[in-house]
Amino acid sequence: MPRIAIQKFHGMTNDESIIGGARYSMGVDVWGMGDNTAKISKEGIIQGMKLMNAGSEAASTNDVTDLITHFAYYPTSGTVWGMSSETSPRLYERVAPWTLRRSTSGSDLATAANSGNIIAFAGRLWVAQNTRISSWDNSTWTAAFAGLNSTTEHIMRIFAGKLYIADGRYVDTIDSTPTFTDKKLTLPAGYTIRSMEVFGDRIYMFADGGGMSRLFIWDGEATTFQSSFDIAHNIAPYLVFSNGILWCVPPINNSPSTPIYVFNGSSFEKVLQIPGLSVQQNRDAVVQYGSGILIASENSTNFEDGTSGVWMIRKTSSGYEYGIAYNPAGGVTTTDIGGIISPTTNQIYVGTNNASTFQVFELLGNADTQTIPTSIWQSHPIDGGDPAKRKQWNFIQVSSDAAKVTNSSIVVKYRLDNATSWTTLQTITSTDTNPSRPIAIRKTGRVIEIRLELVTGTTTSAAVRGMTLDYDVLNR
């Protein structure tokens, strides 16, 4: 009897030959991201991600009245700030509850759709909007610190002790004194900077114009950029640096799939094609998290149990893996997701809009112990190496700690030959005396898929450490 043994689980992979790779996963930690001291968190083990909860703006006077699209951590105050920028800009601070600090009232902020951005630099919080940049030094608000040239989104990055500000086709700077320098760099006419990131000793910028996006590479000091090349996307992609990798994610809405690229030193290499991923422009929609990145995905092409939510992508020893970290079943109760920030490991803030109820969902590290109510790991189609031959699928064994996690359960399901619905084989519960016993399947088919649903117990889900599938190849 041939057997397929999975001793290490993976996230979603484009390579179906990886044993333990997932076709679909939601709310599953297979990368050892958890920091709950009551649980073993180890790469290759399936367990539930921590549950995100709405911030206290939902439980008290709600100052958040629109979608927060940008975030920044301000070390001087030790707080996270959020900015809405799609219509009339507003600036909020996370102080329990989220509190409105600045708006267009009294001309504190200037109105311009999708032009806002915020960042902390040199002891101040810098707020770019419309054709000006404002600052807050934790005591004084300067509404018009300097004028800007463009009403497009002002991406800001820190490099070599200065703040660099995307300003249409220009780049402006502010030094630590702080002194503003207008048009430190000018790109060719017709281009508008949409993303900016520091990588090594250069600033990388994507600008759109002329039908394709162009990457400009600059040392931050010369009066012109050092090099440039085109990429075949008419809307400039996001650029994010994380764990030595420069990631490139195109904003593609309602597409069957979205490509993910990494910079290989001379060009961008496509490493993934993610089904149903839908990324919006003019938001902090792609951010660094741990050794990978998080991506906000809106309502888009339906794939399995849905694709809206916060996706996680990482490079592992087996290649590039991904999965939905949080979707409507995991705390983020909306398909309209704005910005994301991860100021520290295992701490995440997500701006959301659920039918005009605006919230910030939060994951606060050790302060949170509850895991997502139901986490899903679903295998790629398994054909035993010969998709043409029929098999007798005999039984499956699941190795887990379900018996040790009060009130938890693992629902084991399967489907054959590309069926659209799942059949439940067994629900393993915390009261089972032999949770790792063989579970009979006794069905024939050419291809089988396995689905594990981890249902959280009192506080956490069970952890699945391995799985064995037993089958026979039929001659007819």
Side-chain angles (χ1 to χ4, degrees), residues 69-70 72 83-89 104 107 109-119 121 126-135 142-160 162-175 178-199 202-231 233-240 248-251 279-286 339:
T69 54
H70 297 85
M83 184 180 187
S84 61
S85 66
E86 290 194 313
T87 53
S88 181
T104 55
S107 299
L109 296 174
T111 300
N114 297 317
S115 70
N117 219 311
I118 54 176
I119 194 172
F121 170 72
W126 297 91
V127 184
Q129 81 295 169
N130 203 325
T131 55
R132 73 184 189 192
I133 187 165
S134 310
S135 75
T142 304
F145 178 86
L148 302 177
N149 303 283
S150 170
T151 60
T152 57
E153 184 185 10
H154 301 293
I155 309 297
M156 295 184 284
R157 292 293 184 266
I158 299 168
F159 176 66
K162 293 181 182 179
L163 178 62
Y164 288 76
I165 308 157
D167 189 8
R169 70 183 181 110
Y170 309 107
V171 179
D172 312 320
T173 64
I174 296 176
D175 65 20
T179 299
F180 178 82
T181 300
D182 187 36
K183 299 179 182 177
K184 178 74 173 178
L185 176 71
T186 301
L187 297 186
Y191 283 98
T192 299
I193 300 169
R194 302 294 185 183
S195 63
M196 179 189 295
E197 187 59 286
V198 174
F199 183 56
R202 294 289 188 270
I203 298 174
Y204 288 66
M205 297 168 284
F206 262 124
D208 51 33
M212 283 200 297
S213 300
R214 174 164 289 189
L215 181 77
F216 294 90
I217 303 174
W218 179 43
D219 65 6
E221 286 298 329
T223 56
T224 186
F225 53 89
Q226 277 69 54
S227 60
S228 68
F229 61 85
D230 291 336
I231 187 170
H233 287 277
N234 62 335
I235 301 175
Y238 285 92
L239 286 170
V240 174
C248 169
V249 181
V279 186
Q280 296 287 330
Q281 265 190 308
N282 303 313
R283 301 177 181 183
D284 291 343
V286 185

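Below, each value reflects all heavy atoms present in this structure, side chains not excepted, and no hydrogens, waters or symmetry copies. As the structure is a computational prediction, the values presented were derived from the model and not from experiment.
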Exercise for review: Starting from the C-alpha separation in whole Å, work towards a yes-or-no answer on salt bridge (Lys or Arg N to Asp or Glu O under 4.0 Å) for R194 and E153.
Suggested key: CA-CA 7 Å; R194 302 294 185 183; E153 184 185 10; over 6 Å; no
Atom pairs and distances, side-chain donor-acceptor, residues 182-190, under 3.5 Å, sequence neighbours left out:
unit_1	atom_1	unit_2	atom_2	d
D182	OD1	N149	ND2	2.9
K184	NZ	E221	OE1	3.4

Review point. Parallel, tilted or perpendicular: which fits the ring planes of Y191 and F216, with parallel below 30° and perpendicular above 60°?
Key: perpendicular
Review point. Would you say D167's side chain and S150's backbone share a donor-acceptor pair under 3.5 angstrom?
Key: yes
Check your understanding: Which distance, rounded to the nearest 0.5 Å, do you find between the OH of Y164 and the CD1 of I119?
Key -> 12.5 Å
Review point. Got a donor-acceptor contact below 3.5 angstrom from the W126 side chain to the F121 backbone?
Key: yes
Check your understanding: Where the side chain of S213 meets the backbone of H233, is there a donor-acceptor pair that is under 3.5 Å apart?
Key -> yes
Review point. Where do S134 and F145 land on the side-chain contact (heavy atoms from CB on, under 4.5 Å) test, with the steps shown first?
Key: CA-CA 5 Å; S134 310; F145 178 86; 5.8 Å; no
Exercise for review: Determine yes or no for a side-chain-to-main-chain donor-acceptor pair under 3.5 angstrom, with Q129 supplying the side chain and V127 the backbone.
Suggested key: yes
Check your understanding: So, for F159 and W218, is the gap between ring centers shorter than 6.0 Å?
Key -> no
Check your understanding: Should I235 and Q281 be marked as a side-chain contact (heavy atoms from CB on, under 4.5 Å) after you check the CA-CA gap, both sets of side-chain angles, and the distance that decides it?
Key -> CA-CA 9 Å; I235 301 175; Q281 265 190 308; 3.1 Å; yes
**Study point:** Main-chain N/O of R283 paired with T69 side-chain donor or acceptor, under 3.5 Å
**Key:** no
Exercise for review: Carefully, step by step, assess R202 and D219 under the rule salt bridge (Lys or Arg N to Asp or Glu O under 4.0 Å).
Suggested key: CA-CA 5 Å; R202 294 289 188 270; D219 65 6; 5.3 Å; no
Exercise for review: Heavy atoms only: give me the nearest Y238-N282 pair and the separation to one decimal.
Suggested key: OH-N, 3.7 Å
Review point. Do you know the tightest heavy-atom contact between G220 and I203?
Key: CA-CD1, 4.2 Å
Check your understanding: Closest heavy-atom contact between I118 and M83?
Key -> CG2-SD, 3.6 Å
Practice item. Specify the closest pair of heavy atoms between T151 and S115, including all atoms of both residues, with the distance to one decimal. Key: O-CB, 3.0 Å
